[in-house]
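Notes to accompany the following structure.
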Number of protein chains: 2
Amino acid sequence: MNRSGLSEQQLQAYFTLTEVGNLLEQAVSSQLRADGDLSPVQFAVLATLGTSDATYRMTDLADRIVYSRSGFSYQAGQLEKRGLIAREPSPQDERSTLVTITAAGRELLARVMPGHVDVVRGVLFEAMPDGDVAVLQGVLGPVRDRLRAAPPRSARPRRRS
Amino acid sequence: MNRSGLSEQQLQAYFTLTEVGNLLEQAVSSQLRADGDLSPVQFAVLATLGTSDATYRMTDLADRIVYSRSGFSYQAGQLEKRGLIAREPSPQDERSTLVTITAAGRELLARVMPGHVDVVRGVLFEAMPDGDVAVLQGVLGPVRDRLRAAPPRSARPRRRS
DNA sequence: TATTGTTATACTCTATAACTATA
DNA sequence: TATAGTTATAGAGTATAACAATA
């Protein structure tokens with residue numbers, strides 16, 4: 001434990017995680033742009049919608065993807081303009097908007113996925129022993145779960161006008 | 001191994017890593033902005049320069065921080081304007097620019113660090129068993145080393161004019 | 001010719017605050 | 001009064017390509 005409140009080991013692990021994350025995002029970003037004209041965020045939206053079968057509200061998707069509401073509205077607008085997602089008012093609560101992936105969205109996802117997976121393998125898994133995959137998930141999975149359970153950004157009260 | 005070339009386990013671990021990285025960056029970004037009016041990239045520059053004693057060339061720093069040259073020139077300009085770093089031509093190779101952190105830069109780094117470390121602990125380490133820290137470093141350290149050894153972005157040949 | 005770095009340009013992204021509508 | 005979502009605005013960040021200087 002150094003004077004800052006994190007051990008040297010923890011600080012190193014944090015920097016390593018950050019650097020790997022940046023490098024990974026960089027590599028993935030090029031591939032997505034080249035193969036599908038998608039940003040990492042847009043890919044995350046399509047992947048989230050295309051993998052889970054669930055429908056999401058705008059706010060929930062924004063929280064999951066880690067975005068401000070307004071920023072997510074912009075991104076959803078971009079994807080909707082290209083016909084990759086659809087928005088419709090929720091029957092239960094007409095304030096809410098439900099987001100679904102379209103057939104075209106699924107097609108693009110399928111078209112982009114193989115190259116994407118190739119990049120991820122090359123960057124992250126090629127030199128990683130198989131056993132380490134479970135170890136990584138074992139360490140970071142609980143962290144993710146705990147963060148998801150924490151009050152999300154959109155829950156922060158807004159200022160009065 | 002699913003049809004895409006990554007096992008389901010690998011895909012999950014990749015998504016988890018990405019999500020934790022995003023959440024972490026989000027949290028850290030607020031703290032840095034509030035306490036030092038710094039972006040995560042600007043913090044990374046100061047932290048890299050302030051931690052290692054080495055001097056870096058512009059290109060090497062850009063590669064380390066994972067940035068385009070032009071983008072890094074912009075960021076270096078921002079930091080220099082605030083007196084946090086200094087640039088000078090290299091004596092050995094006058095094409096190169098050496099970057100150093102100033103006393104003011106160190107002061108700002110020291111001022112920002114405690115809160116920064118608090119956030120990182122809260123997000124990443126609070127619920128992580130001590131043993132997992134070494135495990136995480138053990139898994140991601142080699143990945144990072146391998147990526148650093150790979151030809152960096154700036155090595156990509158530029159188009160002829 | 002190749003490399004280092006900067007800059008002009010054009011664009012994407014992002015957040016804050018204001019706004020509308022529903023609960 | 002609180003919540004969901006959009007949008008106007010304004011600014012920050014980013015990359016490409018062109019540029020100048022040195023090797």
Side-chain angles (χ1 to χ4, degrees), chain A residues 22 25-26 29-30 32-34 37-45 55-63 65-82 85-99 151-161, chain B residues 22 25-26 29-30 32-34 37-45 55-63 65-82 85-99 151-161:
Chain A
N22 288 341
E25 159 128 16
Q26 163 61 33
S29 178
S30 305
L32 291 172
R33 186 59 67 189
D37 197 25
L38 290 171
S39 69
V41 177
Q42 292 164 348
F43 171 76
V45 174
T55 58
Y56 288 83
R57 299 185 315 153
M58 290 290 289
T59 298
D60 297 334
L61 255 183
D63 288 338
I65 309 296
V66 189
Y67 244 59
S68 69
R69 291 191 192 194
S70 67
F72 187 74
S73 268
Y74 170 77
Q75 293 295 348
Q78 298 296 111
L79 291 172
E80 193 177 44
K81 218 190 308 180
R82 292 171 63 183
I85 65 169
R87 285 186 280 191
E88 53 176 1
S90 163
Q92 284 85 27
D93 183 341
E94 297 218 341
R95 291 172 302 182
S96 300
T97 298
L98 298 182
V99 184
R153 323 162 26 87
S154 61
R156 291 184 305 180
R158 306 181 186 185
R159 283 194 201 156
R160 299 194 25 139
S161 46
Chain B
N22 287 342
E25 159 127 18
Q26 163 62 31
S29 178
S30 306
L32 291 172
R33 186 59 67 190
D37 196 26
L38 291 171
S39 69
V41 177
Q42 292 164 348
F43 170 77
V45 173
T55 58
Y56 287 83
R57 300 185 315 154
M58 290 290 289
T59 297
D60 297 335
L61 255 184
D63 289 338
I65 309 296
V66 189
Y67 243 60
S68 70
R69 292 190 191 193
S70 66
F72 188 73
S73 268
Y74 170 77
Q75 293 296 349
Q78 297 299 110
L79 292 172
E80 194 177 43
K81 219 191 303 183
R82 292 170 64 184
I85 65 168
R87 285 185 279 192
E88 54 177 359
S90 163
Q92 284 85 28
D93 182 341
E94 297 218 341
R95 290 172 303 183
S96 300
T97 299
L98 298 182
V99 183
R153 319 162 28 85
S154 63
R156 289 184 306 181
R158 305 182 187 184
R159 283 196 201 152
R160 300 194 26 136
S161 50

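Numbered from 1 within each chain, the chains take letters A, B, ... in sequence-line order.
- Here C:dC13 presents its P atom at 15 Å from CG of B:N22, a figure rounded to the nearest Å.
- Nearest to the side chain of B:T97, among D:dA4, D:dA15, C:dG5, sits C:dG5.
- Following rounding to the nearest Å, B:R33 (CZ) and D:dG11 (C1') show an atom-to-atom distance of 11 Å.
- Closest to the side chain of B:Q75, from the set D:dG13, C:dC13, D:dT6, is D:dG13.
- Among the nucleotides D:dG13, D:dA4, D:dT6, the one closest to the side chain of A:R87 is D:dT6.
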Check against side-chain contact (heavy atoms from CB on, under 4.5 Å), B:R82 and B:D37: CA-CA 11 Å; B:R82 292 170 64 184; B:D37 196 26; 4.0 Å; yes

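- Distances from the side chain of A:R95 to the nucleotides D:dA15, D:dA4, C:dT3 place D:dA4 closest.
- Of the two residues near DNA chain C, A:Q78 and A:Q92, the one whose nearest nucleotide lies more 5' is A:Q78.
- Projected onto DNA chain C by closest heavy-atom contact, A:P91 and B:G71 fall at different nucleotides, the more 5' of which corresponds to B:G71.
- We find that CG of A:L79 is positioned 14 Å from P of C:dT12, with the value rounded to whole Å.
- When heavy atoms are screened at a 4.0 angstrom cut-off, A:S73 is found touching base atoms of the nucleic acid.
- For C:dT16, its base sits under 3.5 Å from the side chain of A:S70 at one donor and acceptor pair at least.
- Rounded to an integer number of Å, the gap from CE of B:M58 to C1' of C:dT4 is 10 Å.
- Between A:R69 and D:dT6, a side-chain N or O to OP1/OP2 separation shorter than 4.0 Å is absent.
- Summarising the geometry, the separation between CD on B:E88 and C1' on D:dT22 is reported as 17 Å, rounded to the nearest angstrom.
- Across the protein-nucleic acid pair, A:F43 atom CZ and C:dC13 atom C1' stand 20 Å apart, rounded to whole Å.
- Nucleic acid contact for A:S39: sugar-phosphate only, since backbone atoms but no base atoms lie under 4.0 Å from a heavy atom of the residue.
- Summarising the geometry, the separation between CD on B:Q42 and P on D:dA12 is reported as 11 Å, rounded to the nearest angstrom.
- Heavy atoms of B:S96 sit under 4.0 angstrom from primed sugar atoms or phosphate atoms, though from no base atom.
- Using a 4.0 Å heavy-atom criterion, one finds that A:F72 contacts no nucleic acid atom at all.
- Taken from CZ in A:F43 to CG in A:L79, the straight-line distance is 12.5 Å, to the nearest 0.5 Å.
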Step-by-step side-chain contact (heavy atoms from CB on, under 4.5 Å) determination, A:I65 to A:Q75: CA-CA 11 Å; A:I65 309 296; A:Q75 293 295 348; over 6 Å; no

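- Taking atom CD of residue A:E94 and atom C1' of nucleotide C:dT20, one finds them 14 Å apart after rounding to whole Å.
- Between A:M58 and A:R69 the shortest side-chain heavy-atom distance does not fall below 4.5 Å.
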Criterion side-chain contact (heavy atoms from CB on, under 4.5 Å) on A:E88 and A:T97, from CA distance to verdict: CA-CA 5 Å; A:E88 53 176 1; A:T97 298; over 6 Å; no

